[in-house]
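Single-structure report; data block below.
In this text, all values refer to a predicted model and were calculated from it rather than measured experimentally.
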Amino acid sequence: MVSIDLYKNLPTSDELPDSDDTPVDNEDQNFLPNYLLFLLAIIWKDRNDWYFGVDMGIYHTSGENPRVPVIPDGFLTVGVNRRRPGNKSRKSYVVWEEGGMVPQLVLEVVSWTPGNEYESKMAIYEKLGVLYYVIYNPEYYQRDRHQPFEIYRQIDGKYQLQSGEPYWLPEIGLGIGRTQATVGGIDREILSWFDQYGRRYLSSEELAQQAQLEAQQAQLEAQQAQLEAQKERQARLAAIAQLDNIGLTVQQISVALGLSINEVRQQLEES
């Protein structure tokens with residue numbers, strides 16, 4: 001934890017702008033970080049020691065001017081309260097108000113307009129000390145001469161491209177990678193969180209669908225079991241007459257078929 005005195009002359013979050021009013025270039029820049037945020041709210045619903053920001057400025061002191069933020073499409077910090085003191089929401093992420101906690105993961109979604117994700121932004125995050133830098137570039141990776149999904153880990157102060165997908169983030173306790181999913185009735189590629197075994201965490205929509213399918217399956221199995229029980233009982237009742245014809249007593253038939261004496265007598269009276 002960094003000493004508060006180090007930041008005593010810096011502006012507060014209330015004094016800093018919370019938006020640069022720059023519109024996003026495509027749907028993914030807004031949708032994918034929000035999807036990761038809402039999914040995280042399910043995975044870590046009982047935890048309050050994390051914060052995921054979407055299109056939010058990060059104010060820091062590692063640049064030339066602490067009043068100039070870097071604004072990733074998404075970022076995750078583990079080890080801070082989800083809400084500010086007084087249960088207030090964040091206008092921006094101000095490192096010196098977070099006890100010096102820098103996000104452990106930053107996400108950039110590449111758009112048609114080059115955003116220097118592989119150059120100046122990477123240098124900023126590297127100097128800031130962000131441990132993991134994820135670049136998602138499904139549309140323009142050939143233009144940029146990179147891969148559609150890249151994740152960099154800071155090693156000895158420098159980013160190094162990692163391999164494997166989903167990629168496990170041990171310091172965070174999650175994996176991240178691409179997957180195909182149906183969201184809002186539309187099949188599409190998304191970014192998602194994974195567990196240590198590579199299993200994708202399901203969204204609230206998928207969990208509801210899964211619960212519905214499991215309930216329907218349980219109902220079908222119960223109905224099938226009931227039908228089987230009825231068939232078995234009918235077969236035993238039908239066997240009563242056959243055993244009676246070969247001379248077995250009511251008591252013997254009852255024991256042989258697992259029926260009560262009254263059931264055997266009633267069936268014989270009706271037949």
Is it the case that the side chains of [Y] and [X] hold a donor-acceptor pair, with the cut-off being a distance below 3.5 Å and no angle test?
X: Y51; Y: E98; value: no
X: D73; Y: Y136; value: no
X: Y159; Y: E150; value: no
X: E206; Y: Q210; value: no

Please tell me if the side chains of [X] and [Y] come closer than 4.5 Å, counting only heavy atoms from C-beta onward.
X: L169; Y: R153; answer: no
X: Y133; Y: E117; answer: yes
X: H60; Y: P66; answer: no
X: Y59; Y: S92; answer: yes
X: L191; Y: Y35; answer: no
X: V110; Y: Y141; answer: no
X: E263; Y: R236; answer: no
X: R200; Y: L202; answer: yes

Interatomic spacing from [atom1] in [X] to [atom2] in [Y] - rounded to 0.5 Å:
X: I176; Y: S192; atom1: CD1; atom2: OG; result: 8.5 Å
X: L128; Y: T61; atom1: CG; atom2: OG1; result: 8.0 Å
X: L237; Y: L257; atom1: CG; atom2: CG; result: 8.5 Å
X: I246; Y: Q242; atom1: CD1; atom2: CD; result: 8.5 Å
X: K231; Y: L227; atom1: NZ; atom2: CG; result: 6.5 Å
X: Q267; Y: L259; atom1: CD; atom2: CG; result: 9.0 Å

Which of I58, V130, V54, V134 passes side-chain contact (heavy atoms from CB on, under 4.5 Å) with F75? It is I58
Can you name the nearest heavy-atom pair linking [X] to [Y], along with the distance?
X: D144; Y: N137; answer: OD2-ND2, 2.9 Å
X: P33; Y: G74; answer: CB-CA, 4.3 Å
X: G79; Y: M101; answer: CA-CE, 4.2 Å
X: S254; Y: S260; answer: OG-C, 3.7 Å
X: E126; Y: Q154; answer: O-OE1, 3.2 Å
X: P103; Y: T77; answer: CA-OG1, 3.2 Å

Suppose we screen for ring pair (Phe, Tyr, Trp, His ring centres under 6.0 Å). Which residues come up paired with Y152, at least two apart in sequence or across chains? none
Check: [X] side chain, [Y] main-chain N or O, donor-acceptor pair, under 3.5 Å:
X: D244; Y: I240; result: no
X: D195; Y: R199; result: yes
X: E205; Y: G184; result: yes

Between E27 and R188, does the side-chain contact (heavy atoms from CB on, under 4.5 Å) criterion hold? Intermediate values first, please. CA-CA 12 Å; E27 176 186 350; R188 59 179 298 171; 3.1 Å; yes
Verify side-chain contact (heavy atoms from CB on, under 4.5 Å) between R84 and S89, making sure each step is shown before the conclusion. CA-CA 6 Å; R84 297 289 296 150; S89 59; over 6 Å; no
Same apolar cluster: [X] and [Y], side chain cutoff 4.5 Å:
X: F194; Y: W44; value: no
X: V106; Y: W50; value: no
X: V102; Y: L107; value: no
X: L131; Y: L105; value: yes
X: M56; Y: F31; value: no

Decide yes or no on side-chain contact (heavy atoms from CB on, under 4.5 Å) for Y93 and V95, but give the supporting numbers first. CA-CA 6 Å; Y93 189 90; V95 171; 4.2 Å; yes
Between I42 and Y201, does a side-chain contact (heavy atoms from CB on, under 4.5 Å) hold up when you go through it step by step? CA-CA 9 Å; I42 297 173; Y201 286 104; over 6 Å; no
Charged N-O contact under 4.0 Å between R90 and E97: no
